[in-house]
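Everything on this sheet refers to the single structure shown next.
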Amino acid sequence: MQKYLIKDLEKCEGQLVTLSGWASNKRESKGLVFIVLRDGTGWCQCVVSAETVNESVFEAARSVSLESSLTLTGKVVKDERQMGGFEIQVTDLATIGEAVDYPIAKKEHGVDFLMDKRHLWLRSQRQWAIMKIRNQIIFSIHEFFQQEGFVQMDAPLFTGNACEGTSNLFETDFYGDPAYLSQSGQLYGEAMAFAMGKIYTFGPTFRAEKSKTRRHLSEFWMIEPEMMFYDIFDNMDLIENFLRFVVSKVLANCEKELALIGRETEVLKNIVKPFPRLTYDEAVRIIKGEQDVNGKNSILTLESDLALVQTRIAEVEKEIAEREEKIKTPGMKKGEIGFNQAQIDKLKHELGDLEEQARNIPQWLNSARNFTYGSDLGGSDETVITRLFDVPIMVYNWPHEVKAFYLKRDPDNNKFARGVDVLAPEGYGEIVGGGERETDVQLLTDKINEHQLPMEAFEWYLDLRRYGTVPHAGFGLGLERLVTWLCKLPHVRESIPFPRMYGRLLP
RNA sequence: UCCUUCUUAGCUCAGCUGGUUAGAGCACAUGACUGUUAAUCAUGGGGUCCCUGGUUCGAGCCCAGGAGAGGGAGCCA
């Protein structure tokens with residue numbers, strides 16, 4: 001018999017089909033077994049009735065354990081109550097591989113446990129949806145650059161030179177010499193762009209930062225376009241068009257997946273609006289609360305956020321106390337106790353998060369109030385400023401001391417470098433860093449010395465300026481940060497199949 | 001590197017001021033139930049209370065050191 005996929009069932013109403021997959025859930029009563037089958041393309045409830053199948057098939061259905069693989073045949077019937085709108089009335093069923101004691105249960109788990117079981121966690125609906133969205137984003141990135149005439153290039157992963165200092169590099173042994181895992185393909189991208197005009201790299205990057213925060217990975221995927229004859233403003237135009245393109249494709253093609261993870265799409269639909277472009281000076285004034293945005297003040301907004309958190313803490317504490325009291329009342333049904341217990345667990349988790357926020361926000365307020373002009377924006381500063389906007393913002397013209405050596409000095413004011421950071425809304429912070437590149441050999445040489453980088457490693461890079469230099473610009477986008485924001489995930493670790501981060505090398 | 005919260009059954013968590021034999025729900029096993037959506041109900045097997053040392057008549061609880069995890073700062077995409 002011809003094999004079918006769950007995503008195609010709507011075309012098969014009334015037909016007899018054979019499906020293969022895994023049992024993601026099972027419920028049973030006397031003469032009925034409900035198996036929720038997943039096959040990678042979707043989920044579908046399959047009903048096995050003792051009246052319509054023979055005894056051995058019914059016994060096989062009854063003994064199916066969670067995540068056992070199986071093949072079944074049945075009739076496709078419309079049923080509005082089901083996810084996908086259809087169910088299968090099974091006529092035949094056989095187990096392929098039995099799963100004994102599948103560790104991920106049908107309830108909430110802690111992060112550490114789930115990360116240890118990442119290879120199995122990927123099978124769950126939420127993780128599946130995130131990976132589908134990640135796939136769409138990757139595809140759309142290639143689609144955009146290819147249709148804009150960019151040439152994709154692969155930069156080396158072993159490098160002898162550190163482009164932004166050595167402190168965050170993973171050192172490896174390269175035939176007896178030290179080599180570093182790439183932190184950025186940008187310098188090589190520039191060289192390639194002098195040959196091709198417009199290029200983009202798409203590859204892994206490694207940063208040995210001992211960071212344990214919701215936005216850091218030790219291994220992540222970066223997209224780095226580099227364009228000849230572009231200045232910083234052309235660069236910002238491109239970034240804006242690019243992000244708009246990717247977001248619109250995700251909205252158009254991942255409606256189901258976004259709904260599955262509960263991502264409301266209002267903010268994503270805003271992305272058609274122009275992205276505000278702020279200079280560093282303006283951004284600092286906004287962070288310090290000296291300048292309002294659409295009537296919103298950063299400090300006041302943060303203070304009211306803190307007040308909201310504290311109100312919510314009081315509410316949650318009250319509800320927990322009430323439910324705990326309720327459980328104690330005699331004669332309560334076991335099911336009702338269980339329900340209340342589950343609610344209490346959930347509320348306690350929320351309380352933990354809220355208390356964490358209540359600890360963090362005062363620190364952020366402090367950091368925003370006392371922001372010293374001339375320093376880089378910290379993670380909390382980014383959160384503070386992006387909360388005031390409903391679209392990504394671009395901050396450009398940074399004090400040259402805090403930015404990389406290769407950024408071009410602003411010709412109108414040499415205190416500034418022509419770098420640009422794109423900060424995502426909803427508190428997600430930096431997703432893109434880029435800028436116009438320095439073209440002057442002498443200025444570059446000075447900067448390399450200033451950063452105490454080994455000159456001999458950069459001779460080839462200086463050659464790009466010696467032989468026909470032109471204005472050019474580019475940027476780097478962190479794929480996982482984009483996925484995390486578009487899916488509104490609480491942490492980057494869910495945005496990549498197998499995250500590598502401080503303290504996490506398995507599985 | 002620093003600050004902060006945490007570690008009790010396979011999982012998620014209770015465990016009061018240090019005091020008898022450490023509990024619940026889920027999962028698992030057996031049984032009941034013909035439409036369930038984390039199904040429900042009954043029964044019952046399951047413990048190195050993270051590790052090491054200390055205080056005490058007595059430690060899951062107190063103290064010291066260590067390990068691991070969550071969140072944040074710095075740094076970054």
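Note on naming: letters A, B, ... go to the chains in the order of the sequence lines (proteins, then strands), and numbering restarts at 1 for each one. These figures come from a predicted structure and were not determined experimentally.
No donor-acceptor contact under 3.5 Å links the side chain of A/His109 to the base of B/C11. At a cut-off of 3.5 angstrom, the base of B/G35 holds no donor-acceptor pair with the side chain of A/Glu28. Counting atom types as modelled, A/Gln45 pairs a side-chain N or O with a base atom of B/U36 as donor and acceptor under 3.5 Å.
Among the atoms of the strands shown, none is found under 4.0 Å from any heavy atom of A/Ser367. Within the nucleic acid shown, A/Asp376 comes within 4.0 Å of sugar-phosphate atoms alone, with no base atom in reach, counting heavy atoms only. Using a 4.0 Å heavy-atom cutoff across all strands shown, A/Glu87 reaches at least one base atom of the nucleic acid. Within 4.0 Å (heavy atoms only), A/Phe113 reaches sugar-phosphate atoms of the nucleic acid but no base atom. Backbone-only contact: A/Gly503 has heavy atoms under 4.0 Å from sugar-phosphate atoms and none from a base. In this structure, A/Leu32 reaches the bases: a heavy-atom distance under 4.0 Å links it to at least one base atom across the strands shown. Residue contacts shown for A/Val36 are absent, as no nucleic acid heavy atom lies under 4.0 Å away. A/Ile104 comes within 4.0 angstrom of no nucleic acid atom, judged by non-hydrogen atoms across all strands. Contacts of A/Arg215 with the nucleic acid, taken as non-hydrogen atoms under 4.0 Å apart, include base atoms.
For the P atoms, the distance from B/G66 to B/C26 is 41 Å, rounded to whole Å. Spacing between B/C13 and B/U7 at atom P, rounded to whole Å, works out to 10 Å. Rounded to whole Å, the separation between the P atoms of B/C63 and B/A22 comes to 24 Å. Comparing the P positions of B/G31 and B/G15 gives a spacing of 37 Å, expressed to the nearest Å. Comparing the C1' positions of B/G46 and B/A32 gives an interatomic distance of 24 Å, to the nearest angstrom. Separating the P atom of B/A42 from that of B/U4 is a span of 46 Å, rounded to the nearest Å. Here, B/C41 and B/A27 have their P atoms 10 Å apart, quoted to the whole Å. B/G53 sits 14 Å from B/A59 when the C1' atoms are compared, rounded to a whole Å.
Along RNA chain B, the nucleotide nearest A/Val422 and the nucleotide nearest A/Gly378 are compared for position; the residue whose nucleotide lies closer to the 5' end is A/Gly378.
Within the 4.5 Å cutoff, side-chain heavy atoms of A/Ile496 are placed close to those of A/Trp221.
Relative to the ring axis of A/Phe275, A/Arg244 places its NZ or CZ within 45° and under 6.0 Å from the centre.
B/A77 has its base stacked against the ring of A/Phe220, the centroids being under 5.5 angstrom apart at an interplanar angle below 30°.
Protein atom CH2 of A/Trp364 is 15 Å distant from nucleotide atom C1' of B/G74, rounded to whole Å. Per the geometry, CG belonging to A/Asp79 stands 14 Å off P belonging to B/G35, to the nearest Å. For the pair A/Asn366 CG and B/G74 P, the computed distance is 12 Å after rounding to whole Å. Atom C1' of nucleotide B/A29 and atom OH of A/Tyr102 are separated by 21 Å, given to the nearest angstrom. Separating the CZ atom of A/Arg62 from the P atom of B/C28 is a distance of 14 Å, rounded to the nearest angstrom. Atom NZ of A/Lys212 and atom C1' of B/C3 are 13 Å apart (whole Å).
Ring geometry, A/Tyr280 versus A/Tyr373: the interplanar angle exceeds 60°, so the pair is classed perpendicular (tilted spans 30 to 60°). Ring geometry for A/Phe242 versus A/Phe475: interplanar angle of 30 to 60°, hence tilted.
With a cut-off of 3.5 Å on both pairing distances, the Watson-Crick or G-U wobble partner of B/G25 is B/C11. The partner of B/A77 cannot be assigned: no Watson-Crick or G-U wobble pair with both contacts below 3.5 Å exists in any strand. Using Watson-Crick or G-U wobble geometry with both donor-acceptor distances under 3.5 Å, B/U37 finds no partner in any strand shown.
In this structure, CD in A/Gln125 is found 5.0 Å from CG in A/Leu260, a value given to the nearest 0.5 Å.
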(request) Show the numbers, then the answer: is there a side chain to side chain donor-acceptor pair (under 3.5 Å) between A/Arg118 and A/Gln127? (result) CA-CA 10 Å; A/Arg118 182 61 174 168; A/Gln127 300 307 312; 2.8 Å; yes
(request) Please test A/Arg263 against A/Glu426 for salt bridge (charged side-chain N to carboxylate O under 4.0 Å, His left out), starting from the C-alpha separation and ending with a verdict. (result) CA-CA 12 Å; A/Arg263 188 3 163 176; A/Glu426 302 179 276; 2.7 Å; yes
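A sub-4.0 Å separation between OP1 or OP2 of B/G74 and a side-chain N or O of A/Asn168 is absent. Residue A/Arg504 places no side-chain N or O under 4.0 Å from the OP1 or OP2 atom of B/G70.
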